[in-house]
**Q** 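The following block contains the structure, expressed as structure tokens.
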There are 4 protein chains.
Amino acid sequence: MKAEIKQKSILLFEEKGFSETSIQDIVEALGVTKGTFYYYFSSKEQLLMDIHLGYIDDLLNRQEKIQQKQISNREKLTQLIALLITDIAKHGPSGKVFFREMRHLGEENAFQVKGKREKFRKNLEKIIMDGIVQKEFRQGLDPDIIAFAILGVANWSYQWFNPSGGITADRLADIYSDLILNGIV
Amino acid sequence: MKAEIKQKSILLFEEKGFSETSIQDIVEALGVTKGTFYYYFSSKEQLLMDIHLGYIDDLLNRQEKIQQKQISNREKLTQLIALLITDIAKHGPSGKVFFREMRHLGEENAFQVKGKREKFRKNLEKIIMDGIVQKEFRQGLDPDIIAFAILGVANWSYQWFNPSGGITADRLADIYSDLILNGIV
Amino acid sequence: MKAEIKQKSILLFEEKGFSETSIQDIVEALGVTKGTFYYYFSSKEQLLMDIHLGYIDDLLNRQEKIQQKQISNREKLTQLIALLITDIAKHGPSGKVFFREMRHLGEENAFQVKGKREKFRKNLEKIIMDGIVQKEFRQGLDPDIIAFAILGVANWSYQWFNPSGGITADRLADIYSDLILNGIV
Amino acid sequence: MKAEIKQKSILLFEEKGFSETSIQDIVEALGVTKGTFYYYFSSKEQLLMDIHLGYIDDLLNRQEKIQQKQISNREKLTQLIALLITDIAKHGPSGKVFFREMRHLGEENAFQVKGKREKFRKNLEKIIMDGIVQKEFRQGLDPDIIAFAILGVANWSYQWFNPSGGITADRLADIYSDLILNGIV
DNA sequence: AATGAATGAGGCTTCATTCAT
DNA sequence: TATGAATGAAGCCTCATTCAT
């Protein structure tokens with residue numbers, strides 16, 4: 001039941017937003033009552049936190065696996081971009097909620113999630129830094145700003161990319177890797 | 001007074017979010033009463049719409065001016081990126097609200113704003129397309145996806161870029177133009 | 001202007017009800033502003049009172065004229081019924097407002113209007129009483145209750161009678177006089 | 001609790017009118033909170049609808065029972081008048097609300113109630129029609145208009161008749177039946 | 001493990017009214 | 001004679017949450 005509540009909530013939060021989705025909406029969609037909700041979750045925020053952690057922990061895990069591979073930084077970067085993009089197809093709604101609704105976490109929870117987000121970013125930054133040192137990437141780049149740019153490109157996909165549309169996630173990841181690596185000139 | 005309400009609302013919406021900012025919050029911050037608010041705005045949504053239109057119309061205007069210049073597409077693109085980034089410093093809060101709170105517009109209003117957003121994107125797409133045709137940019141690029149990428153890079157800045165931080169908006173715009181044009185390899 | 005406000009208000013009150021019609025509705029329908037309204041009327045209730053008095057005073061006047069005629073009580077009754085019914089065609093909206101919205105008068109005003117209403121009823125009662133005494137009507141009738149019945153028949157017309165429908169006000173008055181006088185057996 | 005809310009609301013609506021009675025008034029009178037009200041009724045209008053349906057459905061039921069009896073139309077008419085009048089004593093407030101506050105129903109609900117009201121009227125009309133055909137009543141009568149008259153007489157009672165006053169409901173019903181059947185001449 | 005009744009705070013909005021100009 | 005800005009009280013409704021069962 002707990003899993004069902006979480007899953008349905010993700011869908012509703014993605015569709016209507018966190019604030020606009022009431023506990024009533026959630027339990028009605030599942031055919032249970034409010035009491036049930038509060039049996040499994042102590043508050044609406046805690047549910048949101050659950051969703052956030054589920055998402056970011058999984059992402060960090062998979063990032064780490066890439067990081068540990070014995071491959072070039074260039075290849076790592078490519079796989080990381082693919083990781084972010086192809087995730088949309090698999091955990092799309094989860095991601096949208098993740099990128100949109102962090103504001104609704106209380107101070108403490110927000111702090112925790114923010115930390116993990118930044119860890120992800122720092123990891124990405126490190127790949128770029130390493131790539132520069134090892135001359136895989138150009139000299140003179142600002143690794144932190146490049147990292148932000150990559151995250152921007154990838155995360156923005158959540159706003160428009162439709163996996164069942166005219167282009168696959170894999171192809172999109174390729175295009176983006178190419179863009180980041182080679183530019184458009 | 002109308003302008004004051006709008007301006008203060010933008011700040012509050014940016015800080016706490018649209019749903020989390022009550023009319024009460026707004027009028028209290030201004031030392032007036034709720035009646036005053038409704039004298040100037042027929043609803044909370046209408047105020048949001050006002051903010052959105054103010055932002056996107058201004059953006060479209062300035063985009064058009066760039067588009068009409070007698071300069072290369074490469075230069076146009078550079079200026080457009082600068083337009084988006086440097087705007088943060090000037091109309092930062094407005095932009096954040098714009099990128100975050102569209103969901104709270106009703107169907108009709110959302111439709112109108114979406115139209116203008118897409119017009120901006122299409123204009124950007126055209127620059128890329130023209131640049132490809134005129135051999136300023138590489139062949140084989142997907143102009144629409146590249147456009148999304150550029151918007152992602154720029155818009156994501158709203159989430160982290162702090163104009164009073166360690167880097168200026170101009171410098172950031174330069175870095176991003178360089179990245180888009182040349183890649184990191 | 002005062003007359004225009006009153007007239008338009010009657011129409012709006014009839015259509016939507018007193019409580020449901022705002023001062024805003026009234027002045028908007030006239031293309032003026034709220035200030036104008038309060039220049040002519042000290043309150044919404046006072047406007048309602050104006051309407052009530054205009055209606056009931058006129059009705060009482062015309063009733064009196066009938067009462068003073070040198071005709072049989074039977075004929076007086078017939079003319080009174082006609083007076084009530086045919087009024088719908090002429091002052092329809094006014095009448096509907098009169099019969100519906102008295103509750104919105106304050107204590108003092110309600111008292112005054114109630115007095116005039118009762119005067120009308122008492123006058124009607126007197127005709128019946130006189131008619132009984134003079135053997136134009138049956139013995140043993142309760143004049144007060146008969147008066148209520150006649151008012152019921154006539155006033156209820158305001159709820160359904162459409163002067164531009166299939167039957168004229170004159171014809172309806174005839175039918176009702178016949179019914180009251182002769183019954184249906 | 002739901003029944004209690006409904007019952008108390010009827011009393012308050014009768015006394016002060018629907019628009020003039022706030023949800024606050026209702027729950028305060030019962031010593032509960034607004035939340036409780038909305039737990040049982042989805043809106044103020046829905047409560048009103050509940051009241052309307054409770055009244056008209058009951059009335060239609062009892063009308064039907066009379067209609068099916070093996071008695072003369074004259075007797076049916078008499079019993080129907082008695083039904084309407086004596087109802088005041090029993091469900092007085094309910095009736096007053098019914099006859100006064102239909103305007104506050106939304107389009108859809110009003111339509112439904114209007115249909116039932118008209119069914120009641122049509123049934124009454126049929127009795128008169130049948131009575132004419134079977135020569136119990138005079139020829140040449142307009143059954144629909146007579147029906148309106150009867151409803152007017154009866155319904156108007158709600159405005160003045162006080163069951164605990166100088167005359168009983170049974171006696172009033174007798175007087176009205178006599179008036180309708182025999183007239184006053 | 002789940003229900004259903006109840007709460008109370010707060011949200012958006014409407015509105016009659018006032019008043020300086 | 002009329003305007004327009006501002007008020008403040010009140011209205012309907014939503015919602016996260018609690019708790020006895």
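Lettering of chains follows the sequences in order, A, B, ..., and the numbering in each one begins at 1.
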**Q** Could you check D:Glu101 against C:Arg103 for salt bridge (Lys or Arg N to Asp or Glu O under 4.0 Å), going step by step and ending with a plain yes or no?
**A** CA-CA 13 Å; D:Glu101 316 286 5; C:Arg103 190 167 1 121; 3.8 Å; yes

**Q** Can you spot which of B:Ile10, B:Leu48, B:Val113 makes a side chain to side chain contact (heavy atoms under 4.5 Å, CB included) with B:Phe98?
**A**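 It is B:Val113; the other options fail the test.
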
**Q** Quick one: salt bridge (Lys or Arg N to Asp or Glu O under 4.0 Å) partners of D:Lys114, sequence neighbours excluded?
**A** none

**Q** With distance as the sole test, does A:Lys44 use its side chain to make a donor-acceptor pair with the main-chain N or O of A:Thr21 at under 3.5 Å?
**A**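 Such a contact is found between A:Lys44 side chain and A:Thr21 backbone.
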
**Q** Take the protein atom CG of C:Leu47 and the nucleotide atom C1' of E:dT17, then report the distance between them rounded to whole Å.
**A**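 Atom CG in C:Leu47 sits about 14 Å away from atom C1' in E:dT17.
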
**Q** Distance check, rounded to the nearest 0.5 Å: B:Gln112 atom CD versus B:Leu53 atom CG?
**A**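 Result: 5.5 Å between the selected atoms.
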
**Q** Restricting to salt bridge (Lys or Arg N to Asp or Glu O under 4.0 Å), what partner residues turn up for A:Glu4, sequence neighbours left out?
**A**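 Result, salt bridge (Lys or Arg N to Asp or Glu O under 4.0 Å) vs A:Glu4: none returned.
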
**Q** For D:Ile56, is there any backbone N or O sitting under 3.5 Å from a side-chain donor or acceptor partner on D:Arg117?
**A** no

**Q** So do C:Asp50 and C:Lys2 actually touch side chain to side chain, heavy atoms under 4.5 Å?
**A**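 Yes, at least one pair of side-chain atoms sits under 4.5 Å.
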
**Q** Once salt bridge (Lys or Arg N to Asp or Glu O under 4.0 Å) is applied, do any residues pair with D:Glu118, and if so which ones, sequence neighbours excluded?
**A**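 Result, salt bridge (Lys or Arg N to Asp or Glu O under 4.0 Å) vs D:Glu118: none returned.
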
**Q** Reading 5' to 3' and counting Watson-Crick or G-U wobble pairs with both distances under 3.5 Å, write the dot-bracket notation for DNA chain E, | for bases paired outside the strand.
**A** .||||||||||||||||||||

**Q** At a heavy-atom distance below 4.0 Å, what parts of residues 7-16 of chain A sit against DNA chain E?
**A** none

**Q** Strictly below 4.0 Å, heavy-atom distances to any atom of DNA chain F: list the hits from residues 97-110 of chain C, or just say none.
**A**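 Result for residues 97-110 of chain C: none.
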
**Q** Test of understanding: with ring-ring contact (aromatic ring centres under 6.0 Å, His included), list the residues that count as partners of C:Phe18, not counting sequence neighbours.
**A** C:Phe13, C:His104

**Q** Using the test salt bridge (Lys or Arg N to Asp or Glu O under 4.0 Å), find all partners of B:Lys119 that sit at least two apart in sequence or belong to another chain.
**A**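 B:Lys119: no salt bridge (Lys or Arg N to Asp or Glu O under 4.0 Å) contacts found.
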
**Q** Looking at residues 29-46 of chain C, who's got a heavy atom less than 4.0 Å off DNA chain F?
**A**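 Those residues are C:Val32, C:Thr33, C:Gly35, C:Thr36, C:Tyr39, C:Tyr40.
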
**Q** With a 4.0 Å heavy-atom cut-off, tell me which residues in residues 20-28 of chain B come close to DNA chain F, sorted by residue number.
**A**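 The answer is none.
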
**Q** Would you check if C:Leu30 and C:Met1 make a side-chain contact, meaning some heavy-atom pair closer than 4.5 Å?
**A** yes

**Q** List the residues meeting ring-ring contact (aromatic ring centres under 6.0 Å, His included) with A:Phe120, not counting sequence neighbours, and say none if there are none.
**A**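 Partners of A:Phe120 under the ring-ring contact (aromatic ring centres under 6.0 Å, His included) test: none.
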
**Q** Are the side chain of B:Glu45 and the backbone of B:Gly106 linked by a donor-acceptor contact shorter than 3.5 Å?
**A** yes

**Q** Which pairs, with at least one residue in residues 22-37 of chain C and sequence neighbours excluded, count as a side chain to side chain donor-acceptor pair (under 3.5 Å)?
**A** C:Lys16-C:Asp25, C:Ser22-C:Asp25

